[in-house]
Amino acid sequence: MAKEKDKKLVEAITSMDEDFAQWYTDIVKKVELIDYSSVKGCMIIRPYGYAIWENIQKDLDKRFKETGHENVYMPLFIPESLLRKEAEHVEGFAPEVAWVTHGGSEELTERLCVRPTSETLFCEHFSKIVQSYKDLPKLYNQWCSVVRWEKTTRPFLRTTEFLWQEGHTIHATAEEAEEETIRMLNIYAKHCEEVLAIPVIKGRKTEKEKFAGARATYTIESLMHDGKALQTGTSHFFGDNFAKAFNIRYLDKNGQLQYVYETSWGVTTRLIGAVIMVHGDNNGLKLPPRVAPIQVVIVPIAQHKEGVLEKANELKERLSKIVRVKLDDSDKMPGWKFAEYEMKGVPVRLEVGPKDIEKNQVVLARRDTMEKIVVSMDNLEEEVMKLLDDIHNNMLETARKNRDEHTYVATNMEDFKDIVENKPGFIKAMWCGDRECEDKIKEETGATSRCIPFEQEQLSSTCVCCGKPAKHMVYWGRAY
RNA sequence: CGGGGUGUAGCACAGGUGGUAGUGCGUAUGGUUCGGGACCAUAAGGUCGCAGGUUCAAAUCCUGUCGCCUCGACCA
């Protein structure tokens with residue numbers, strides 16, 4: 001009887017092998033990361049989910065500031081005429097913007113769009129504040145939400161409104177702007193590996209896949225557990241494209257009017273989706289220690305017995321000086337708590353009961369490997385810190401190994417199709433650089449070009465699709 | 001925007017052929033428990049997604065509509 005119940009509870013999360021999409025939905029709901037709202041495609045980010053975002057923000061914001069960026073805030077609304085100033089840009093975004101047509105009961109003379117991204121607002125502002133080469137560069141960033149009226153939505157991965165940061169910078173020269181574009185891409189990559197324990201492929205997007213209005217788009221791509229790729233962050237080089245459309249000019253040292261060179265770059269709450277799908281397992285979420293809202297959860301055993309709660313509180317006090325720690329002294333059974341915090345992805349569980357107190361020890365259980373170790377209370381701080389670092393490194397390596405094991409090489413279309421159908425993952429293949437081949441591959445296999453990686457390999461000399469001489473090695477895959 | 005599924009208590013669901021709503025989990029209270037999702041007792045909790053229609057009578061039949069999930073085409 002009891003066993004049947006156990007089974008039922010364990011099955012609360014759909015197995016990822018059985019139905020990955022359902023597994024994902026189960027996680028975001030049951031772990032209480034989000035709730036659905038009454039507006040289609042909009043999600044409520046609950047405290048546990050938002051705390052992950054705050055930790056991501058904290059780390060990224062620090063990295064932005066260390067590289068000289070300043071935070072600003074731009075308006076939510078963009079007048080239609082402003083959005084239309086850059087042709088490619090408006091063409092790319094117009095189909096998915098939300099329009100405000102009324103103020104109160106009055107119809108507006110010009111409708112306003114809810115920002116889908118803020119390039120045009122930054123450009124208009126830059127054109128007003130920049131006169132001289134001495135005003136450059138301007139390195140701005142904003143944390144905000146944007147709205148894109150997407151047709152299908154999924155929590156974190158694609159929502160109608162989503163939280164992000166968008167950096168916008170202007171520079172005197174193209175070289176300087178290019179450098180900035182790459183610098184920020186590297187910051188994203190480092191954040192992913194050092195904080196989220198997600199290994200990424202850095203590279204450039206093809207013309208087909210680049211951002212509307214950009215000269216070049218750089219991207220970090222990661223591989224999810226189901227073998228689908230996720231564009232995890234992007235950094236764009238605009239050249240003087242927007243500068244010309246918005247007339248952003250400055251006087252150089254020689255008294256000549258010059259256009260500025262511009263970049264923009266962003267990551268979103270999608271990063272949380274990536275964390276879920278890269279690290280999670282059938283027991284639930286598995287959070288990398290550096291973003292985990294709770295890094296150590298203390299579960300007292302037989303907490304009604306004398307001295308147990310006192311000791312648990314004492315350990316909590318000690319640990320709270322170095323990690324984010326929670327003591328769960330609720331009336332739930334210990335076993336229930338174990339399962340609960342495993343589902344929530346808490347990296348380390350600390351068990352302390354009468355037997356431990358007697359022996360001056362505690363039990364530490366790690367979420368990544370499910371191993372339990374016994375450590376002395378005397379050097380608890382040291383052991384916990386070491387364990388959290390170990391967990392981070394192990395999670396990063398496990399993710400890297402998983403990605404590498406699901407990265408395949410194709411040298412002809414037959415192999416390419418076979419891989420897409422039977423072995424979900426990244427496909428490395430040579431490409432001639434022609435749009436027709438890229439289109440054909442997408443049409444025939446459903447896979448898109450993810451990026452032209454900076455780290456090139458010569459897999460063969462001919463294009464996987466048409467057989468003409470190859471120009472680049474490209475990562476392909478089905479993507480979110 | 002097309003295909004499929006779904007909407008009944010906080011959650012998961014049951015309620016062919018119409019008769020005024022039920023089960024499990026959870027919640028509250030009291031007690032026994034506590035090293036891997038405990039048990040007993042008592043109790044609270046629902047305008048059956050919404051709007052029309054048929055009918056003496058609708059969770060059930062009809063029409064419309066909305067939300068959500070999911071698979072495609074488009075996007076971070």
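Quick caveat, the model's predicted, so the values are computed rather than measured.
Residue A/G273 is out of contact with every strand shown, counting any heavy-atom pair closer than 4.0 Å. Residue A/T268 is in base contact, counting any heavy-atom pair closer than 4.0 Å across all strands shown. Within the 4.0 angstrom heavy-atom criterion, base atoms lie near A/L157. Across all strands, A/E150 comes closer than 4.0 Å to base atoms (heavy-atom distances).
The interatomic distance linking A/M43 (CE) with B/rG67 (P) rounds to 18 Å, in whole Å. Taking atom CD on A/E96 and atom C1' on B/rC1, their separation rounds to 14 Å, with Å as the unit. Regarding A/D331, its CG atom lies at a distance of 12 Å from the C1' atom of B/rG31, rounded to whole Å. Rounded to whole Å, the distance from CD on A/E32 to P on B/rG10 is 16 Å. B/rC69 atom C1' lies 17 Å from atom CD1 of A/I13, rounded to whole Å. When the P atom of B/rC69 is taken as reference, atom CD of A/E18 falls 19 Å away, rounded to whole Å. Here B/rG72 presents its C1' atom at 13 Å from NZ of A/K151, a figure rounded to the nearest Å. In this structure, the NZ atom of A/K30 is 17 Å from the P atom of B/rG10, given to the nearest Å.
Atom C1' of B/rG45 sits at a distance of 13 Å from the matching atom of B/rC11, rounded to the whole Å. Between B/rU60 and B/rU55, the distance separating the two P atoms is 16 Å to the nearest Å. Of the C1' atoms belonging to B/rC50 and B/rG7, the separation is 11 Å, rounded to the nearest Å. Between B/rG52 and B/rA44, the distance separating the two P atoms is 33 Å to the nearest Å. B/rC48 and B/rA9 have their C1' atoms separated by 10 Å, given to the nearest Å. For the P atoms, the distance linking B/rU47 with B/rG10 amounts to 9 Å, nearest Å. Across the C1' atoms, B/rG5 and B/rC13 are found 16 Å apart, a figure rounded to whole Å. Taking atom P in both B/rU70 and B/rU29, one finds a spacing of 37 Å when rounded to whole Å.
A/P116 places none of its side-chain heavy atoms less than 4.5 Å from the side chain of A/V146. Side chains of A/T67 and A/R183 form a contact here, defined as non-hydrogen atoms less than 4.5 Å apart.
Environment of CH2 in A/W164: crowded, with over 12 heavy atoms of neighbouring residues, nucleotides or ligands closer than 6.0 Å. The number of heavy atoms from other shown groups lying within 6.0 Å of CG (A/D378) is above 12. Around CD of A/E91, the count of heavy atoms belonging to other residues, nucleotides or ligands within 6.0 Å does not exceed 12.
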Dot-bracket line, read 5' to 3' along RNA chain B, where crossing pairs take [ ] and | marks a partner on another strand, Watson-Crick or G-U under 3.5 Å: ((((((((.[[[[.)...(..]]]].((((((.....)))))).....[[[[[..)....]]]]])))))))....

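Between A/F238 and A/R215, the shortest heavy-atom distance links the atoms O-CG, 3.5 Å. Counting all heavy atoms, side chain and backbone alike, A/V195 lies closest to A/P288 at O-CB, 3.5 Å.
Nearest to the side-chain atoms of A/A339 among the listed nucleotides B/rC71, B/rC74, B/rG37 stands B/rG37. Nearest to the side-chain atoms of A/Q22 among the listed nucleotides B/rC69, B/rG36, B/rC71 stands B/rC69. Distances from the side chain of A/V363 to the nucleotides B/rC69, B/rC74, B/rG35 place B/rG35 closest.
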Could you walk me through whether A/N422 and A/D418 pass the side-chain hydrogen bond (donor to acceptor under 3.5 Å, both in side chains) check? CA-CA 6 Å; A/N422 303 310; A/D418 178 59; 2.6 Å; yes

Working note: A/E438 + A/T206, criterion side-chain contact (heavy atoms from CB on, under 4.5 Å); need CA distance, chi angles, decisive distance, verdict. CA-CA 9 Å; A/E438 198 180 356; A/T206 61; 2.6 Å; yes

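In this structure, A/W265 has its ring center closer than 6.0 angstrom to the ring center of A/F64. Between A/Y140 and A/F126, a ring centre-to-centre spacing shorter than 6.0 Å is recorded.
Of the two residues contacting RNA chain B, namely A/T152 and A/Q231, the nearest-nucleotide position lying further toward the 5' end is that of A/T152. If you find the closest nucleotide of RNA chain B to A/T159 and to A/C42, the one lying nearer the 5' end belongs to A/C42.
Without hydrogens or angle criteria, A/T159 side chain to A/P155 main chain gives no donor-acceptor distance under 3.5 Å.
Regarding contacts with the backbone of B/rC69, a side-chain N or O of A/Y36 is found under 4.0 angstrom from either OP1 or OP2. Proximity of A/R154 to the phosphate of B/rU70: a side-chain N or O atom is located under 4.0 Å from OP1 or OP2. Applying the 4.0 Å criterion to OP1 and OP2 of B/rU27, one finds that A/K332 has a side-chain N or O inside that range.
Across residues 434-451 of chain A, A/K442 each have a non-hydrogen atom less than 4.0 Å from an atom of RNA chain B (numbered order). The stretch residues 342-357 of chain A touches RNA chain B through A/E342, A/R349, A/E351, A/G353, A/P354, A/K355, A/D356, each having a heavy atom within less than 4.0 Å of the strand.
The aromatic rings of A/H89 and A/F93 are tilted relative to each other, their planes meeting at an angle between 30° and 60°. In this pair, A/H406 and A/Y408 present their aromatic rings perpendicular. The plane angle is above 60°, beyond the 30 to 60° band.
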